[in-house]
Amino acid sequence: MELTVLVDNNTSAGNCLISEHGLSFYIKEENLKLLFDCGSSDAFIKNAYNMQIDLADVTDIILSHGHFDHIGGFLRLQALYKKFALSGVEFNSKKLIAHPDVFKPNDGEIYNGENFKLTVEEIQKFFNLVLLKTPKYLTSKLVYLGEIPITYGKVQKDYSPDEIALAYKSKDGLVILSGCSHSGVKNIMEHAKYVTGENRINTIIGGLYLINKTEDEINELGKYLKEQNVERIFPCHCTDLEAKIILSRYVKVEDVCTGKKYTWE
């Protein structure tokens, strides 16, 4: 599996790419060319262009949950695909996969904060809309985990019941991909193990939602990651520097920023 960070809160000096409060990954695995989230705006589209990634070739789009910093840019992607349609690109072959409630917070509409909205009915004109609560294998190794059960810890006030995550069955254990981890990192990890039947967790990459968490809460997560023998984590988006420093006491913390590319076998 090859993963490219199309947009994140951070970017490295000199790469001429845009960062924003949002997240978008471009993933290649077997025959799939997949977008995992679309950030807040069209930044991921501009970055893909500068990295010579052709978004017309995307086969699947997965939305981790319905918050604007993950789906706001989808509106811009829809507009881009309308332009592509003039050159003969077929859209009904592209899948849009998400939890059934991903559009529910806005009564069936997505907003990006600019009074620009799009209905589910219009989305279906361009995409094969697949709404799933249950897990689904996308390839022989990449799994859509579906709705995350809240088994450990209490439900937070900003809990997003439509949140999903992905897991990749690498030769060294699971690689878990998370948009924001509103459901809790531990719940996502335990659900990934249950769905895949693989107890080894090698890597976690994505938002861990540790902003404004107490030091005790972050230490508790760090101890759990160490107990689980997680080899390394790539915390980004909604994980602040203080949380990364604390977690580094327990597990190897790798840097993430817009434009970075990672691979797993």
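This structure is a prediction, so every number in the text was calculated from the model and none was measured. This chain uses plain numbering: 1 for the first residue, then up along the sequence.
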>> With a 3.5 Å distance limit and no angle check, can you tell me whether Ser40 reaches the backbone of Gly72 through a side-chain donor-acceptor pair?
In response: no
> For the residue pair Cys38 and Leu35, what are the closest heavy atoms and their distance?
Replying inline: SG-CD1, 4.5 Å
> Please walk me through it: do Tyr209 and His182 pass ring pair (Phe, Tyr, Trp, His ring centres under 6.0 Å)?
Replying inline: CA-CA 6 Å; Tyr209 205 68; His182 290 286; 4.4 Å; yes
> Should the pair Glu190-Lys193 be classified as a salt bridge under the 4.0 Å nitrogen-to-oxygen rule?
Replying inline: yes
> Distance under 6.0 Å and angle within 45° of the ring axis: does Lys136 meet both against Tyr144?
Replying inline: no
> More than 12 heavy atoms of other residues, nucleotides or ligands under 6.0 Å from CD of Glu265: is that the case?
Replying inline: no
> How about Asn212: does its CG atom have over 12 heavy atoms from other parts shown lying under 6.0 Å from it?
Replying inline: no
> Any salt bridge between Asp42 and Lys46, counting N to O under 4.0 Å?
Replying inline: yes
>> If we check ring-ring contact (aromatic ring centres under 6.0 Å, His included) with His70, which of these qualifies: His65, His99, His21?
In response: His65
> Can you tell me if CG on Asn31 sees more than 12 non-hydrogen neighbours from other groups inside 6.0 Å?
Replying inline: no
>> Is the terminal nitrogen or CZ of Lys169 (NZ for Lys, CZ for Arg) located under 6.0 angstrom from the six-membered ring centre of Tyr137 and within 45° of that ring's axis?
In response: no
>> Count I, L, V, M, F, W, Y as connected when their side-chain heavy atoms are under 4.5 Å apart, and connections chain through other members. Are Ile188 and Phe25 then in the same cluster?
In response: no
> If you group Ile, Leu, Val, Met, Phe, Trp and Tyr by side-chain heavy-atom gaps below 4.5 Å, do Val7 and Val256 land in one group?
Replying inline: no
> Could Glu242 and Lys244 be called an ion pair, given the rule that one side-chain N must be under 4.0 Å from one carboxylate O?
Replying inline: no
> Is the count of non-hydrogen atoms from other residues, nucleotides or ligands lying under 6.0 Å from Glu2 atom CD greater than 12?
Replying inline: yes
> Which pair of non-hydrogen atoms, one from Val58 and one from Asp60, has the smallest distance, and what is that distance?
Replying inline: CG1-O, 3.3 Å
> Does a salt bridge link Lys171 with Glu198, judged by any charged N lying under 4.0 Å from a carboxylate O?
Replying inline: no
>> For Tyr194, I'd like to know if atom OH has over 12 heavy atoms of other residues, nucleotides or ligands within 6.0 Å.
In response: no
>> Testing the 3.5 Å rule here: is there a donor-acceptor pair between the side chains of Ser160 and Asp162?
In response: yes
